[in-house]
Structures are given as structure tokens and as C-alpha cells.
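Because only heavy atoms are used, hydrogens play no part in the values below, and waters and symmetry mates are left out as well, while side chains stay in. Naming convention: chains lettered A, B, ... in sequence-line order (proteins, then strands); numbering from 1 in each chain. Computed from a predicted model, the values in this text were never measured in an experiment.
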Amino acid sequence: MSESEDENAVVQEDEVFEITDFTNASDWESFITQIEEIITNWNLTSYVKLQPLQNNEITNGDWEAVTAHLKFTNVPFTMTLHRLKFKPDTEQFVEELNEEDDDKIPHPQYVEDMMCIDNDFPARAHCIARWYGLRCFLILSISSSNGITNQSKCNLLTSSVSIALSNMSCDVPFFVQIQENWRRMYEGKAVSTGMSTQFEMVHLKKCPQQYAYLSGLLHLFKNKIGLTSLLSGETRVSARFTYVLHDWGIDGKWPAKPPDPEAVASHFGTLLYGCLEDPVTELQLAAVWPSMTGDLVIDNDIHSDFKPLSAPRWVVRLCYADDLTCLLSSYLYEFIKATNRTESMSDLLNVLEDHTTDKHLGQALEKITDPSAGGMLPGVKLASGLTKVVTDSQTLFRKSAYTLGRIAAVRGRIPREVLNNIKSYMFFQESTNSRQSSSQQQQASTYTFYHKLKAAPIDSLTHHLAMCAIVVNLCHGGLSALAQVWHVFVSELRTMLDKGECLPGIDSSKPDLNTCLLHQKLQMLNCCIQRKVLREQRSPRSSSEVDFKVNPSFVDISEDLTESNNHNNHMATDESKNETTPLKEVDKYDGNLETSENAAASSNHSERLSSNDSRGKFSVQSDDEDEFFECESDIDLGDTEQKHITSGDQHQEISEQQSLDQVSFTVNSNKTEDGAIISRDDVEHSTNENKDSMVDIDVSYPAEGRLKPCDDLNLLRCNSSLFIPHTQDHAPVTEDQLEEQAEVFSKLGDTKEGSKVRAKMQSASLRSDMEAFKSANPGCVLEDFVRWYSPRDFENGELSQRMKIPQNLWVTTWKSAKPVPAHRQKRIFDDTKEAEKVLHFLTNLKPAEAAQMLIPVCTHEALLVLRLASDAMKESLPSLPLICNQIEARAAQIFKQWHMYGSVANQFQPWTKDIQSKVEDLFRQITFAETMIERARSLQHKFRNLGDTAQVNAFVRQLLEHPEVPLDEAAVGPVGCIIKYYFQNQQNIVVEAESPLSSEQSEDVRLPKEIPPLPKPAGREFIIRASNSYPSPFSRKLPHRMYAVLMQNEFRLASAVSHDSTFF
Amino acid sequence: MKHEAGVEMANSSSVQQQQKDAADQNFDFMFKLLIIGNSSVGKTSFLFRYADDSFTSAFVSTVGIDFKVKTVCRQDKRLKLQIWDTAGQERYRTITTAYYRGAMGFILMYDITNQDSFNSVHDWSTQIKTYSWDNAQVIMVGNKCDMNDEDRTVETEQGQKLADQLGFEFFEASAKDNINVTEVFEKLVDLICDKMSESQDFDPNIGNASKGTRLTDGNADGGSGGCAC
């Protein structure tokens, strides 16, 4: 292309050159020059001879088309070269041939091609190639759409062309497109040594009576080439008659059983696929008679030798529905439509609620979903209406989905039972029948697949929600139905948070950044709920402890409580990760019974912790479940810590502890009553020391918050083991939060100061770890901490150089860190706040936005369905798995680029037009794949009686891969028989339809009349070839050819007549 | 031509970032890179050598994550490299791995005088596979190659062999003596550009549904050709 444009530029320069320098040059001359230039540039100026065309090479070979643009005065024209690509080393071979045949004048290449009978009626080719059998030709056409209708203009163009051809000694046939473009009328010329060929065409709407049969056409052709005597000369005729089958009958139609809309509407486990109408609309059977002696065949209005059932060749081709409605695609398209809507939840609500004066969203939505509100159930009517429509005609299914969708948007409401079903499907993780097994099988291969697509795991809550949303959107009334499901979903999340129930189908890990944002949000919510649950499980016991701890005089009471010690131990282990317990204690201590967990309370808490006084009260407890880890190996510490548990208890607790190892952060529970007795002296001692210097070793406080010993290390400055403390885990974050944080970091800039601020911002967890470490290791120094935390920074008995940098963050943080076990530190992760953020995020989404968030999940499911289907069809459609790979790769690419959040965390960012169009494009590809699958399934069904599965698959594959398929043994072969059967059925139906009329009129005539096995041919084609001296009897004998096609509404002749230009 | 296409791709994926930064800085495209590896292998030094051409024998051990920016020119385009430096301590894994997503390239570093850091390379590469985009490019770097032979514990061949196994490019480098520092970054940028242009080339093929439907077109054309010609 670019080449030809360059050429065009060259041509135009030349034009300018000529106009200025040769004032005599006319427009016409310059036009011819342009054509000659192009011919030269395309290297068409020498006569080349190629190897003869191979059988069906015109159909199977690779064609290329090169285009150039030129102008006649100011009218733009396009010149195109169509050419079958050369095979390598053909040309050399040809040159040798040329030298051998020096005596005779060989026919030019185009004549050889026209006379070659191996490429008659190519299945797929440019019309010129089809009509003339050419493998290389030029076309000149006007660039504007109207075409050239003026005869003198046509003549001018053909003259230009023939002058250019002669000047350049180019023997490529050159056609000029004339008349309206749709008529595909061409006039052409080819010039070679001593001869020229005229290509002419006739195109009519109706076939003239005298040319309706071969006999008339032969007569016409012979006259044309000067064969005056009908018997002289030999003509060869090839013929092809086409018959159309458009009614496959009950046995052949697909889908054999149309999907039941009710079933579709209540099927949430997975997406269904399949078409709603037959993708194979038509079968064309062509009976072909290759080259026969024309004068021996009889074909006229009385008798025809062309009997299709005895034709030597049968060929079939299929026509497919253009715009097939398939289920899988419908789900996706309807869903993507929903994503474009702008209505908010309350907008939809206003439509749904006819007479609500109080427009409070929550209330009104409650009414929608409340079964008692309003006696009507329009949804039920809707569903039954749908069924009725569909049982009438399955093709209406599609329309019904659209129109009912619109109706439902006005007054639709999902019936209560359905809504309940949806809710229970989403929130109760029942194993979903067949799906389960298939998803298990896929587990291994698709484990990373949903990650690639940034979707969500199969059968997760997110996945279930997506399935419900997409089904409801298609079958229960579009966006308003979606809104209802979304409302139910979000309300249920709120309820579960309030009740402290973990979300079903959401794993307990922190947000997986390789899943979709919605799934991450749900994981985050689940993390929050888990912590809330732990906190609340713990609360009854903590209250008693608080009382006791607040006032040491309650020790007596605590003695009473010891009887529940066992129970307490058990509880404590369960909740060992619950860091908010102290918070509650503080709240209660303050008389603030509203234990609403908020930042204020927690900071209040930490303030208290930082005062030595309160630390004296709160931290002076050892805790048993931490103790048990160390009790065997560590005896030194025995005196500072009390052991209340029997060894049996310990074992129990160890196992419990281990089972909870995924717990996000571990905090010891301060339940040891005796803790309160711990010497006030110690506390005061430590207070003093702390005041003096933090660097001084403070061994005065009891160890707390130990996880386990760190290898065999001992503290450097005192003789005790080095313990790894329980630490707060880093707060789980979702993608948008992370992005926001990165954004903040970026904004600080690439400077030293920026770096310092960033480090400071991230030092919270370092400080927390240091405090926990100090708490677990009384008497420790920074070197000890570093030995655990960053071992390589402790070399040769001292801190590394970098740790010794004065005032570096590690040193300063260490200095200011106080010994506080993790569970009494200010919590790094505020689950209450985070949970509210998630719910806020979800509540604020418009239904369309929720749908956008679910797109990756729905696509993931659709691709799984597609993959399964394509694997099942791979015998017939071996290319389909590759197409699936491409679609999957494309989907991965799109969803990876798609950020669903803006610069502010917790704010949904609707997708851009760019993403949307990419997703739409992706869906088109899915539709394409589904259509291919349905074609294959339809054909498998139609030819199921062909033999065993392998045979059927092989034949279907042929049908799908080739434009035409020749049938073995023509009419009597196995496929031929099946096709005859379908034609016979169609004929019976046609005749039955006609019979009522004829029966009254002439019953006698009708009865004996046999029903013909095939209908009348829809089209008849002939190729007639002959050799004759032309234009005069003394001229050289040259080959001629005429193609004819006769159809109901079209009659076309395309002739090529050669002239001897040397001898008359 | 090829590389431009690749850069374009990169652009679209970090387009949000770019729009914001474009206001104050002059560049055409932005790449996010990440340096990972055990603590004390010299990640921060390496980065400072590249970004500031400076070397200090001791940088404060990185807390969490930090970054530096360097703008380079490549084929008439200004590329802004935002290079994230990470804390190597085990305890920071969860924080730093979160940043893997979105990084287009990784420098996985070990210290040739420290066997442990070399032994951890495999774990780090697993981390990359788990948390990063699957088309992220990785270069493995053995740092501190200025050290004496008696201090060296990991031979060049060992490093090269492991890199080959893992499918990474490999360099030995020294931030101190400024050996191979620029080369490592340039190579990484090259790899990213190549990869991007590859997927860009791949893109039109599958990105265009009309290509997919060519099969049908052929059939439909042929279908009418059966009798309509």
C-alpha cells in the first residue's frame, strides 16, 4: 500500500512536470502516461509464462491485490492488480520452456489460464477470476461510488487502457469497470504478440427466452466467434446447476430443543451457551458436469441431459445466519448495555415505586424487596408471558428478552421467591451440581486463569454475585432487576457484618491484588468481620478482667474467677489475635460502655499505654499462651512469669495456637489475675529509668508478648534468650488503597527530604515491632533487635556501618520505642473503619457501576464455558482452541490495564470509552467463537447419521474449513443420500403446501405425478470453450471462451474473444 | 518504529500516573521498575549510583519502600524511570510484594560475597512470578563485584547458570566502582520496550474482531458466489 502511494506521488509530480514543460500534452495523454508508469512500477512489462494452473489453484492459492491511484483531469481513479502469488522457482522453469518452443508462437499466459479446465467454477475467487479463469489481471475503476455510465467515457477509458498495454507490451488482461458498481460490469482488453483479446459482458435482469438453455447459448457463442456452420469446430462445455435447501425439517433443524426460558432465568450456577435459531440457514447443492463435448449435449426447453442425480460431481456449500442470537453472547451484550446506564439506585427506585411520597432510598427499596408490599407480582406475569411468547416461536426469544427487558424497567420487580432463591444462591455455598465437578477438574489448569483476568475465583461470593447479576439482567428485566439484586446483596453484607458472620465463599486471606477490585473489597470486608468476631467473642470475659484490673482490691473476686480459668484459657487462645480487647477494657474503665470502636477510643487507649502509670496496671501480666512456647526451653524466665496451666492445657493450646497461625495478628490476652499483684516497685523502677535514659537497659518490666525464642540467641547485655515477639501484622490493603499510598509517596518527590518523610510514614510498623520486641525482651538493646530483624546488619559482634549512622531512623525509632506488647499497641489496622469504608463504597455504586465491576468475573465465566465447549468441538473445529487462546490473552491484557479506581481510594472510577470499546470488541470475539461452535454443533446434528463420530466430525470439519466440499460418489455416496433425504422432505412440504389448490382442479393429474427429488435449480452456469480462426477464416486459430449464468433475477454472459492481429 | 510501539503500550498502562506527573515534568512515557533482593546486598547504593552517580559506603537501611526518578532518552522519547527501592528484610515482604503489581521490570540483586543472598534468589523469583504482571522483565544482578576474590563466595558462573535456569538476563555489577550499573538499567529498559512492542504487534491480530470474522466473510462471499455470479 505504502509503495503504491509513493508511486502515486511520483506520478503526480510527473504530471506537473508535463503540464509545465509540454504544453501540448493533453489530459488524456497524461492519463495514459500515468497508467504506463504504474504498469512499469509493477513490473508487468515483460511477457512471462508460468506453470499451468493446478487443480483448484484459483480457489486455494494466495491472492494478492496491489492498488494505485491516478487521475483523469481531476477525477480520481483506482487501478488494482489482482494476482495469484507466484510460487518460488516457477519463473526459471518457465524461461527454459520459452526457449524450447521458439518455432510456434505460444499462447500468452492468460489464454492458457482461460482454457484450463481444472479451475472451472472456483469456490472462492474474484468475480473476474471466476468468470474468465484468470490468475492475473488489472482493474481500472472510478473512485467515486457512482460508476461510469456514460458510453463515450467508457470508450475513452478502454482506449486509454489498450494504448497503454500496447505501448508497454504488457499481456495482462486489463478491465475497466463500467456502469453502476453493483452490476459488476467490466470491459476488458488484453494484447499479446500477434493477437488481442476482447472481454465483453452482458448483464440483464431477465433471461431472454432464446438463451434460456445451453442450445441457445451455444448458438450465440458460435455466431460470436464466426463459427457459421453449427457442426464445424468443437466446443467444450462445463456446467454447474445449483439447488437450494433452506428447510431442514424436524430431523435437521438446530437447536433440536430450544432452551427453556424459565430454566435459563433460574440457572445461576454457570452461563449457558448455544444458539436460539439455526446458524446454518441454507445448503447449496451444486451438480457439476466438467468439460463435455458441447454439440453432443442436449439442453433445450423440452429435454435436458443435465440430470442432477446422475451428475458426475456433487458439491455442497453452506450459508450461515448473519447475526446469530446465542445465549452466551446475549448474557454479555445485555450486561454491557446495563453498564452504560446512568440511573442511580434512587432513580430506579422512583420508577419502581408508583406512589411513594417519601422517597427515602432505603425505605423504598425495602418496599421493593419486601414481599408484603403490594399484592401484585409483575415478575411472575413477566416470566409466564415470556414463556408464552417463546413457546410460540423460539426466534422471538431474543426480541422478548429485549422488549420484556424494557417493560420490566418500567414496572418490573423480581418476584420474592426468585429473589430469595438468588439470595440463598449467593450467600449459601451449596455445591452447585455438575458445575462442581467440572470446576474441580479445571481447578489445576484455571488456578491462575482468574488471576490473569483479574477476576474472582469460581464459586466465590463475587462469582455468585456476578452470575446472578448477569442472569437477572438478561431474564428478569434488566437494570432494575440488577438494582434489586445489588440492594439485596449490599444489605446482606451489612447484616452479616452486624451479626459478625464471615462471608461465605470469600477466603480469609487478605485482599488478593490480582483479583478484581470488588473481590478485593469483599476480602477486605471479610478480614474486618473476622476481627470483629474475635473481638466480640472475647468481650464477655474481658469485662470481668477489667473490673479486676482496674482495682487491685478485686483480687478476691478474681480468685473466684479462676475456676473459669480453663475456659478462659481456651477463649484467650481463640482470640489471641484480638488486639482490640484492651481497647474495650479501657472503654469500660472509662465508663464508656458504648464500645463503638473508633479511632478516638483507640488513641485514648494508646495514650494511656504510654503513661507509665497505666502501663503498670495493664502490662504487668504474663500471659499463659505465650508462655507455653518458651516454658520448655527457657527456665531463667520462670520467676518473672507465672505458669498456671497444666501441661495438658498447654498441649491443647499449642494445637489451637497452631490452627490459628493464619491469624492476622497475634496478641496475648492479659488474663492472668495475679498480674495485678506484680510489684509496684518494678513499675516505679522502670519509670525512673525510662526517665533517665531510654538507651539504658531496662530489665525492670516483665516480658510480655513472646512468640518463640529466636534460634539459640541470647540477649547481648543480659543472660536470657532472645525472643521473637508477637507482632501486629501489616494492614491488609486493597489495590486502590495501595495506589493511593504510592501516589502520596510519589508526590513527596525524589528528594532526600521526600525520602525521609516516606521512611517516617512507614516507620509505624517498625516502631510497633520494636516496641513488641522490647516488651518481649526486657534488657534488650538495638543490636538484639537487629539480630532478629535484619541479621546482616549485625556483623562481627557489632552493628553494621549503616546502622551506626547517627540519628538514623532505626536508632531514633529504637530510642523512642517503649516496651509495649503488640496487643496493647495502637492498632495499625482499624477493622471497623475499614469495614465501613467498604460498605460505603458498595452502597454508593450505581447499578451500572456495579455491573462494570463484575465484567471481568462474567468474562472469566464466559471464557471457561467457551473453553469447555471448544474442547468438546475440537475434532470439528481444530482452530477454535487457538482462537480461545487469543481471546483469553486479549482479555487478560484488557483487564490488566483497566483501573477501576481514581486517584482517591475508595472511589469507583467508571470505565473509559477506550476500555469499554475494548471489552465490546472482546465480546464480539466471544460471539464469533460461540457462533463457530454452534455452526459445528448444528452440522454435527444434521449429519449425525453419516457414520461414527469420527466420520461425522471429519465431514463437519471439511464443511467449516472449505467454502465448498465435493461429495464422494456424488448422489449415491453417503452424504449425497443424506442430502437427498433433506431435499425430499423439503419437496414434500412444498408439494403439500401446493396441493390444496391443485387437488380441486385436477386430482387425476396430480396423483400420478411424482414429486421430483430436487427443486428447480436456483442457478445454472455454463462455460463454453472453442477454438476458431478469427476475425477471418484465414486468421490464426485462437481459443475463445464464454461464461454464462442464468438465475431467476439475473442473466450474465462474459465472453473473451481473441483476434489475430497479424493476419486480418 | 518497533520500540515506539512498545513505549506506547507502556504509556497506556500507566496513563493515569502519567497524566498527573506530566503537568510538572517533561517526559513522554513512564516505566515503573523495582529493585529487590536480600537486605544489605546494595540495592540503595546501586540506585543512587545510577540516579545520582554518587556512592556512599553506608545508606540507612531502607524502611518499607522508597523511590528515585531518572529520566533517560531513548529513540527521541523521554522515558521517566520511577525506580522503587525496597527493604530487603523478611518482615517487609508483605509490604513490598504489594508493589510488584504494575512494575514493568525488576532488578533482582544478590551480593557476590554473601551466599545467603544468592540462595534467596530463587525465592525472590518465585515472589515475582506470584505477585507481578506476567510480562514483567527481570534482570539478575550480582552486586559488589569490586570485592576481592577471597571475599567472593558466589562465582560468576554460578550466577550465570542460575540466571539461565530462571530465564533472566544476568550481570555482575558494582555500585561502588560503577561497573555495569547503567548497563543493567539500559538493558532492562530495552527488554521492556521489546516486550511491549511484541505484545503490541500481537495486539492488532486479536484486538480486531473483523480479523476473526474473516473466516465467515470468506464463506459468505463464497456462498453468494455459488449462484449469484
Side-chain angles (χ1 to χ4, degrees), chain A residues 123-125 127 130-131 242 282 284 286 317-320 322 452 513-514 730 733 735 738 742 745-746 750 755 758-759 762-763 766 769 789-790 792-793 800-803 805 808-810 883 886-887 889-890 893 896-897 899 903 918 921 924-925 928 932 963-964 1018-1019 1021 1045 1047 1050 1052, chain B residues 12-13 15-17 20-21 38-40 51 57-70 82 84 87-92 94-95 98-102 114 116-117 131 133-134 199 202-203 205-209 212-213 215-216 218-229:
Chain A
R124 182 168 50 196
C127 59
R130 182 173 173 84
W131 296 333
T242 305
E282 198 173 287
Q284 294 176 357
R317 75 159 64 221
L318 296 160
C319 295
Y320 301 105
D322 274 341
K452 277 186 186 163
L513 302 185
N514 282 320
H730 298 129
V733 284
E735 195 179 359
L738 186 75
F745 287 170
S746 295
D750 172 30
S755 255
R758 276 192 289 275
Q762 294 173 91
S763 66
L766 180 64
D769 291 345
Y789 210 75
S790 182
R792 284 203 67 201
D793 282 307
S800 66
Q801 209 186 340
R802 62 177 183 172
M803 282 297 172
I805 297 171
N808 83 64
L809 189 64
W810 294 68
I883 293 175
Q886 287 190 343
I887 297 176
R890 179 67 185 155
Q893 210 178 26
K896 221 176 257 175
Q897 281 176 20
H899 294 263
S903 53
K918 281 177 180 167
D921 199 47
R924 271 192 287 279
Q925 293 179 47
F928 169 71
M932 293 302 290
E964 282 186 355
E1021 296 167 277
V1045 57
M1047 287 183 295
E1050 193 177 351
R1052 184 189 296 271
Chain B
S12 67
S13 60
V15 74
Q16 286 186 331
Q17 200 70 40
K20 278 164 220 142
D21 297 18
N38 275 13
S39 97
S40 304
S57 55
F59 282 102
V60 176
S61 180
T62 309
V63 174
I65 190 151
D66 197 8
F67 77 93
K68 286 195 84 65
V69 167
K70 170 117 176 167
Q82 191 182 48
W84 292 85
Q89 284 85 4
E90 180 69 32
R91 178 73 176 129
Y92 285 108
T94 47
I95 293 179
Y99 281 82
Y100 284 22
R101 258 185 53 79
N114 181 271
D116 279 352
S117 72
Y131 295 105
W133 284 354
D134 48 10
S199 58
F202 184 54
D203 203 11
N205 289 338
I206 56 161
N208 188 351
T213 49
L215 272 167
T216 17
N219 286 343
D221 257 357
S224 62
C227 55
C229 293

Task: Winner by heavy-atom pair count (cut-off under 4.5 Å) against chain A, out of S117(B), A51(B), G64(B) - done: G64(B)
- [ ] Please name all residues satisfying side-chain contact (heavy atoms from CB on, under 4.5 Å) with Q801(A), sequence neighbours left out, ordered by chain then number.
- [x] S57(B), A58(B)
Task: Part of R101(B) within contact of chain A (heavy atom distance under 4.5 Å) - done: side chain
Open item on the list: Side chains of R317(A) and T242(A): any donor to acceptor distance under 3.5 Å?
Closed with: no
Open item on the list: Please classify the contact of E735(A) with chain B as side chain, backbone, both or neither, using a heavy-atom distance under 4.5 Å.
Closed with: side chain
Open item on the list: Is Y131(B) in contact with chain A via its backbone, its side chain, both, or neither, using a 4.5 Å heavy-atom distance?
Closed with: backbone
Task: Expected output: side-chain W84(B) to main-chain Y99(B) donor-acceptor under 3.5 Å - done: no
Task: Options T62(B), D116(B), N38(B), T94(B), ranked by heavy-atom pairs under 4.5 Å with chain A, top entry - done: T94(B)
TODO: Kindly write out the residues that satisfy ring-ring contact (aromatic ring centres under 6.0 Å, His included) with F59(B), not counting sequence neighbours, or none if the list is empty.
DONE: F48(B)
Task: Contact origin within L513(A) toward chain B - heavy atom pairs under 4.5 Å - done: both
Open item on the list: So which residue, G88(B), G102(B), A87(B), S39(B), ends up with the most heavy-atom pairs under 4.5 Å with chain A?
Closed with: S39(B)
Task: Residue K68(B) excluded, over 12 heavy atoms near NZ under 6.0 Å - done: yes
Task: Carboxylate-amine/guanidinium contact D921(A) K918(A), below 4.0 Å - done: no
